[in-house]
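Report on the following structure.
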Protein chains: 2
Amino acid sequence: MSTVGKAISLLELFTVAEPELGLSDLARRSGFDKATTRRLLVALTGHGLVEQDAATRLYRLGAGLSRLARIREARFPFLQTAVPLVRDLASATAETVHLSEYGVDRLVTVHVEHPARANRVNVDIGQLLPLHSTASGIVYLAFARDEAVKACLTTPLEAFTAHTLTEPAAIARSMGEARERGYSICDQGLEEGVISVAAAILAADGFALGTIAVAAPKARTTAADIAERGLAAVAAAREISMRLNGDNLQALRRQA
Amino acid sequence: MSTVGKAISLLELFTVAEPELGLSDLARRSGFDKATTRRLLVALTGHGLVEQDAATRLYRLGAGLSRLARIREARFPFLQTAVPLVRDLASATAETVHLSEYGVDRLVTVHVEHPARANRVNVDIGQLLPLHSTASGIVYLAFARDEAVKACLTTPLEAFTAHTLTEPAAIARSMGEARERGYSICDQGLEEGVISVAAAILAADGFALGTIAVAAPKARTTAADIAERGLAAVAAAREISMRLNGDNLQALRRQA
DNA sequence: AAATAACGGTTCAAATAATGAACCACATCC
DNA sequence: GGATGTGGTTCATTATTTGAACCGTTATTT
């Protein structure tokens with residue numbers, strides 16, 4: 001792995017659940033030597049991608065990341081555009097709604113709205129979603145470039161639950177259904193007792209760039225709920241796509 | 001420079017004004033060899049910090065940055081907390097209001113609200129503000145740790161305009177005034193014809209972590225405007241500080 | 001339409017930067 | 001007091017990065 005890759009993999013150790021980590025901890029988790037880990041952290045800190053708490057000596061992600069993310073957002077106002085519609089969908093469904101964006105053969109959760117009820121599906125910001133075992137992933141693949149689909153289906157697929165589809169053929173079938181319906185359904189593919197629907201958000205070229213998904217406890221979800229949420233997700237995704245691409249008709253080419 | 005530093009300095013070439021750059025361009029601006037530049041870009045792309053447009057082959061900042069920035073925000077909800085108050089201050093003053101956060105001996109502009117009028121001060125997201133020649137910088141220093149102040153005042157200070165203060169003693173005086181008033185005033189320190197006021201946002205330890213500033217064309221700004229904006233900025237900064245630190249009284253220790 | 005220049009991307013011997021075992025100093029904890 | 005945990009540092013050894021020269025394409029220019 002390149003030195004740069006190592007440095008970035010240090011950044012990836014920080015999560016919502018554990019946003020601050022010590023040097024030894026980082027070294028242990030990354031598998032790098034303590035000296036190496038520290039040198040990388042110093043380099044990252046020097047550019048503001050990591051900060052060190054003056055008192056606790058713990059490391060955390062730095063302000064430079066906010067800066068870079070905002071520059072990206074200025075070019076690509078994905079969050080800005082999508083968040084209001086995620087909120088609307090969340091209040092309409094009273095279930096967890098999460099927004100993801102494609103990045104390096106996975107989907108990256110960039111926003112989440114949780115309903116104000118105790119029994120709900122919990123999704124963390126920053127969580128990484130595999131493509132083959134989530135509603136978001138399936139619908140993403142359904143509207144993705146062939147290369148991306150091929151790349152996904154030719155690697156061995158992990159089974160997270162007894163329900164996870166790992167056969168390329170089965171996944172292709174799911175994708176086909178999603179393409180027809182406009183939304184995907186994933187029944188406990190990543191976690192037992194969770195059922196999700198998702199719709200694809202399209203870039204100007206007509207290919208998916210991200211997804212919007214509704215996740216709910218299976219116990220209280222009926223077939224009618226699924227259909228209703230699916231259609232609502234499609235409407236939200238379509239609206240986000242249109243706002244992103246300035247009503248460009250090409251955006252709907254594949255979804256039509 | 002470490003390889004990691006080089007990779008990050010590539011990220012820093014992207015701005016709001018130029019969010020997409022080609023390989024040769026990046027190599028030229030960074031001063032790295034084309035082969036090196038590309039290897040770094042590949043490493044960054046492999047982790048989602050950079051994306052390459054499939055059609056134009058241009059590079060841009062990647063979705064992974066949004067992810068990391070959101071994880072940071074979850075720990076440190078600076079933007080989430082501050083943006084509404086930035087908006088309020090912008091509509092109250094009808095001038096440009098910008099929010100910055102400290103990062104590696106500069107302030108990083110993380111949010112901006114522009115008034116809906118043609119003649120205004122324009123600030124870009126991601127813009128880096130020097131500490132000695134901006135209202136934000138002065139008030140930051142006024143409430144910063146001694147080390148940070150020392151680090152700033154012991155390096156040679158650039159004069160951006162004829163009005164820029166570059167004497168450590170003059171800057172220390174400005175800082176003192178800012179500490180007394182609660183807000184700083186910077187009269188054309190960075191750009192001719194622009195006058196700004198700023199107030200410090202404090203962390204739980206009582207030291208500044210960022211600033212909120214109002215910037216306006218000097219031509220239409222009276223002494224009364226300055227005082228009014230200053231007090232409004234202080235109120236906004238104090239509110240943000242309190243919300244961030246959960247009404248923790250310690251937050252006001254130094255501002256009291 | 002041929003020539004030129006600029007683009008993105010690749011190669012491999014040479015040069016340079018990264019590595020990690022052993023080492024502090026300090027803080028708990030038993 | 002001894003054992004184990006931190007964060008941080010050193011420097012000979014080692015592995016990675018480097019960049020001139022290369023290729024194939026795609027605009028410009030003549």
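Computed from a predicted structure; not experimentally measured.
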Nucleotide [N], atom [atom2] - distance to [atom1] of [X] in whole Å:
X       : N      : atom1 : atom2 : value
A/Lys6  : D/dA15 : NZ    : P     : 11 Å
A/Asp33 : D/dG8  : CG    : P     : 14 Å
B/Phe32 : D/dT18 : CZ    : P     : 8 Å

side-chain contact (heavy atoms from CB on, under 4.5 Å) filter on B/Thr36, not counting sequence neighbours, yields B/Phe32, B/Asp33, B/Arg39, B/Leu40
Residues that B/Ser2 engages under side-chain contact (heavy atoms from CB on, under 4.5 Å), provided they are two or more places apart:
A/Ala43, B/Val4
With the threshold set at under 4.0 Å for non-hydrogen atoms, list the residues of residues 21-30 of chain A touching DNA chain C in residue-number order.
none
Expected list for residues 37-61 of chain B near DNA chain D, using heavy atoms below 4.0 Å, is B/Arg39
One should read off an interatomic distance between B/Thr211 OG1 and B/Phe143 CZ, to the nearest 0.5 angstrom, of 12.0 Å
Find the distance between CG (A/Leu153) and OG1 (A/Thr166) and round it off to the nearest 0.5 Å.
11.5 Å
For A/Glu73, check side-chain hydrogen bond (donor to acceptor under 3.5 Å, both in side chains) against everything at least two apart and list the hits.
none
Contacts of type side-chain hydrogen bond (donor to acceptor under 3.5 Å, both in side chains), residue A/Arg57, not counting sequence neighbours:
none
Spell out yes or no: do the side chain of A/Lys34 and the base of D/dG8 have one donor N/O and one acceptor N/O closer than 3.5 Å?
yes
Partner set under ring-ring contact (aromatic ring centres under 6.0 Å, His included) for B/His132, not counting sequence neighbours:
B/Phe160
For B/Tyr183, give me all partners under ring-ring contact (aromatic ring centres under 6.0 Å, His included), at least two apart in sequence or on another chain.
none
When you check the phosphate oxygens OP1 and OP2 of D/dT17, does a side-chain N or O of B/Thr36 lie under 4.0 Å from one of them?
no
Below 4.0 angstrom from OP1 or OP2 of D/dT16, is there any side-chain N or O of B/Thr3?
no
A/Gln52, CD atom: more than 12 neighbouring heavy atoms under 6.0 Å
yes
Other residues, nucleotides, ligands: >12 heavy atoms within 6.0 Å of A/Glu20 CD:
yes
When the axes are fitted on five pairs at both termini, how much does the helix from C/dA1-D/dT30 to C/dC30-D/dG1 curve, in 10° steps?
30°
Please determine whether a side-chain nitrogen of the Lys or Arg among A/Glu167 and A/Arg173 lies less than 4.0 Å from a carboxylate oxygen of the Asp or Glu.
no
For residues 62-71 of chain B, which side-chain N or O atoms pair as donor and acceptor with protein atoms under 3.5 Å away, sequence neighbours left out?
unit_1	atom_1	unit_2	atom_2	d
B/Arg67	NH1	A/Gly126	O	2.4
B/Arg70	NH1	A/Val110	O	3.2
B/Arg70	NH2	A/His111	ND1	3.1

Taking only residues at least two apart or on different chains, which pairs with a member in residues 40-55 of chain A satisfy salt bridge (charged side-chain N to carboxylate O under 4.0 Å, His left out)?
A/Glu51-A/Arg60, A/Glu51-B/Arg72, A/Asp53-A/Arg60
Per-nucleotide protein contact string for nucleotides 25-30 of chain C (B base, S sugar-phosphate only, - none; heavy atom under 4.0 Å)
------
